[in-house]
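Remarks on the structure that follows.
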Amino acid sequence: GIIARNLVTGEIERHSAHAVVIASGGYGNVFFLSTNAMGSNTSAAWKVHKKGAFFANPCFTQIHPTCIPQHGEQQSKLTLMSESLRNDGRIWVPKKKEDAEAIRAGKLDPTKIAEEDRDYYLERRYPSFGNLVPRDVASRAAKERCDAGYGVGSNETGEAVFLDFSSAIMRYGQEEANVKGLHNASETQIRELGEKVVEKKYGNLFQMYEKITADNPYKTPMKIYPAVHYTMGGIWVDYNLMTTIPGCYAIGEANFSDHGANRLGASALMQGLADGYFVLPYTIGDFLADDIRTGEIPTDTPEFEEAEKEVRDRIDFFINNKGSKSVDHFHKRLGKVMWNKVGMARNEKGLNEAIEEIRQIRDEFWKEVNVPGSADGINQELEKAGRVADFLELGELFARDALERNESCGGHFREEYQTEEGEAVRDDKNYAFVSAWEFKGEPSDAVLHKEPLKYENIELKTRSYK
């Protein structure tokens with residue numbers, strides 16, 4: 001069963017069941033800024049973990065390459081631009097640092113930069129795949145260019161690269177002109193025809209981008225930068241989608257099951273359909289068959305009493321703790337540590353620092369957090385307080401999992417394990433396993449269980465996107 005708080009009335013409710021299904025999504029908001037809805041959180045999954053369910057591969061997180069860059073410190077979420085844009089858009093930064101600096105300062109129009117002074121870095125580094133390399137590869141390449149000083153963001157960080165549709169517009173325009181028999185069409189006519197084709201394909205995305213940034217992507221290149229999008233890790237489940245707690249299931253992004261260290265586009269939809277339509281309706285029925293004569297489970301048992309008291313005590317603490325700092329203050333601090341030291345690129349020194357810093361933030365949170373309002377009725381700050389408390393524990397396990405995995409694979413990139421050209425170096429001999437963590441009281445005390453990955457019909461190979 002579960003204990004729930006009614007978000008409208010504040011009432012604490014008890015719900016008993018013969019089986020419980022966790023379908024609460026991923027934990028990307030541990031980074032504070034992500035493409036996830038602001039209400040997305042880890043609390044249900046984390047509470048199941050603390051009750052005995054193993055948590056698998058927490059460090060496997062996907063950073064999506066095509067998101068609208070952060071514009072300032074007061075921002076609360078990020079916006080995903082569909083990956084379909086990379087079908088026709090070309091990603092570039094200026095070849096000259098002085099041009100990048102001028103763009104960041106608002107002194108240079110990017111459309112004025114000559115073609116020979118543009119670095120289409122994905123096409124340069126990966127001639128076979130170009131702008132269609134996997135998400136983790138594209139994201140790290142954007143970070144590398146920005147870290148090297150070639151970023152074009154007008155935001156506080158300067159972190160952005162261009163996604164340019166001018167080539168596609170002219171190509172489509174020329175094709176349309178040929179179809180219409182306009183063999184002497186002017187450049188203006190060709191551009192107008194091309195813009196109409198692009199509008200049919202991506203019009204809603206271009207409109208959304210313009211509403212958010214006030215830039216017209218038909219006339220000037222889009223600015224994009226990677227952002228946290230999806231978490232491949234989650235609650236460990238077996239092939240029946242049951243956790244290590246009998247009768248407790250986890251489906252969708254809440255579990256770890258389908259994606260490993262990486263995730264392809266639309267795989268979340270695939271997993272949602274597979275788990276919800278084709279697997280769980282049959283496997284949970286098999287489990288419930290043994291309870292067919294059990295009858296209704298009462299909610300006045302000592303277990304429910306204890307669980308409800310724990311929930312009420314935590315709520316009372318948040319309401320009565322007269323600290324000096326808001327919930328968002330701690331969430332933002334956690335997010336910066338996670339992004340800077342446990343984000344796209346990780347190393348041993350940074351991960352050890354992150355673990356210590358997260359512990360410090362967590363200690364201060366419990367002393368200094370301030371939650372205004374009451375527990376009776378709608379109180380979003382109270383909701384956030386419980387979620388951030390859980391993020392502060394998950395964040396430490398996340399960093400510890402990344403520290404334990406001494407290789408680079410998929411969304412997990414350790415700077416110590418890369419080629420001279422900056423490509424990931426996997427270690428299939430020593431790390432071909434699922435990291436399944438067992439809760440033992442504190443994230444630092446968690447016990448690692450290794451589930452070997454066995455490939456019987458295929459051979460493990462490292463892909464090259466050159």
Side-chain angles (χ1 to χ4, degrees), residues 25-42 61-83 85 93 100 103-106 135 138-140 142-143 145-147 151-163 204-217 220-231 325-345 354 357-358 361 365 369-372 380-381 383-385 387-392 394-395 398:
Y27 49 89
N29 280 345
V30 69
F31 288 85
F32 184 70
L33 287 176
S34 80
T35 64
N36 296 175
M38 290 176 62
S40 297
N41 62 85
T42 191
T61 302
Q62 182 174 80
I63 313 289
H64 200 292
T66 53
C67 302
I68 296 178
Q70 180 184 354
H71 63 70
E73 285 295 313
Q74 302 309 313
Q75 192 166 346
S76 54
K77 81 175 296 293
L78 297 170
T79 303
L80 174 72
M81 299 302 292
S82 171
E83 191 169 43
L85 294 171
V93 293
I103 290 172
R104 290 199 295 268
R135 292 174 179 178
S139 294
R140 287 196 296 271
K143 181 181 187 299
R145 287 291 79 195
C146 291
D147 288 351
V152 295
S154 55
N155 49 23
E156 295 173 13
T157 63
E159 293 175 334
V161 298
F162 288 127
L163 180 61
N204 61 325
L205 296 169
F206 277 45
Q207 183 185 44
M208 179 175 71
Y209 179 86
E210 186 169 6
K211 284 184 175 294
I212 292 172
T213 66
D215 287 336
N216 181 350
T220 189
M222 284 184 179
K223 290 178 181 177
I224 58 168
Y225 195 70
V228 174
H229 180 55
Y230 191 90
T231 50
K325 296 185 172 63
S326 69
V327 176
D328 277 351
H329 167 84
F330 295 102
H331 199 176
K332 286 180 179 179
R333 283 175 59 190
L334 171 65
K336 285 186 176 180
V337 172
M338 294 296 295
W339 181 249
N340 292 330
K341 297 180 178 179
V342 204
M344 273 188 282
E357 289 171 25
I358 292 169
I361 296 169
F365 171 85
V369 70
N370 182 284
V371 177
Q380 291 188 325
E381 289 301 303
E383 296 167 28
K384 286 194 292 186
R387 294 166 183 172
V388 171
D390 295 328
F391 279 137
L392 284 165
L394 169 65
F398 189 129

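Of all heavy-atom pairs spanning Tyr225 and Trp339, the tightest one is CE2-CZ2, 4.2 Å. When all heavy atoms of His331 and Asn29 are compared, the pair lying nearest together is NE2-O, 2.7 Å. The shortest heavy-atom contact between Cys67 and Leu80 is SG-CD1, 3.9 Å. Residues Ala385 and Val371 come closest through the heavy atom pair CB-CG2, 3.8 Å. Counting all heavy atoms, side chain and backbone alike, Glu210 lies closest to Pro217 at CB-CD, 4.3 Å. Considering every non-hydrogen atom in both Met344 and Ser139, the closest pair reads SD-O, 3.4 Å.
Taken from OG1 in Thr66 to CZ in Arg135, the straight-line distance is 7.5 Å, to the nearest 0.5 Å. Atom OG of Ser34 and atom NZ of Lys77 lie 6.5 Å apart (nearest 0.5 Å). The line from CD of Gln207 to CD1 of Ile212 is 11.0 Å long, rounded to the nearest 0.5 Å. Taking CZ of Arg387 as the start and OG of Ser40 as the end, the distance is 9.0 Å to the nearest 0.5 Å. Put simply, NZ on Lys223 and CG on Leu163 are 13.0 Å apart, with the number rounded to the nearest 0.5 Å.
You'll find the side chain of Leu78 reaches within 4.5 Å of the side chain of Gln70, heavy atoms only. A heavy-atom distance below 4.5 Å is found between the side chains of Val161 and Cys146. Annotation: side chain of Lys143 is not in contact with side chain of Ile63 (no heavy-atom distance under 4.5 Å). When side chains are defined from C-beta on, Ile68 counts as touching Thr213, because their heavy atoms get closer than 4.5 Å. For the pair Phe162 and Ile103, the minimum side-chain heavy-atom distance is below 4.5 Å. Side-chain contact between Val228 and Phe32 is absent, with no heavy atoms from C-beta onward closer than 4.5 Å. Taking 4.5 Å as the limit, every side-chain heavy atom of Thr35 sits out of range of all side-chain heavy atoms of His64.
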Before you tell me yes or no, could you show the steps for Phe391 and Phe330 under ring-ring contact (aromatic ring centres under 6.0 Å, His included), namely the whole-Å CA-CA distance, both residues' side-chain angles and the distance that decides it to 0.1 Å? CA-CA 10 Å; Phe391 279 137; Phe330 295 102; over 10 Å; no
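Applying the side-chain contact (heavy atoms from CB on, under 4.5 Å) test between Met338 and each of Leu33, Ile358, Leu394, Thr61 identifies Ile358 as the sole match. Among Arg333, Lys336, Lys332, the one residue that satisfies the salt bridge (charged side-chain N to carboxylate O under 4.0 Å, His left out) test with Glu73 is Lys336.
By the ring-ring contact (aromatic ring centres under 6.0 Å, His included) test, Phe206 is found to be paired with Phe165, Tyr218, residues two or more places apart in sequence or in another chain being considered. Scored by the side-chain hydrogen bond (donor to acceptor under 3.5 Å, both in side chains) test, Gln74 finds no partners at all (sequence neighbours excluded).
Ser326 places a side-chain N or O within donor-acceptor distance of the main-chain N or O of His329, the cut-off being under 3.5 Å. A distance-only check finds a donor-acceptor pair linking the side chain of Arg104 to the backbone of Gly151 [under 3.5 Å]. Between the Asn41 side chain and the Tyr27 main chain, no donor and acceptor come within less than 3.5 Å of each other.
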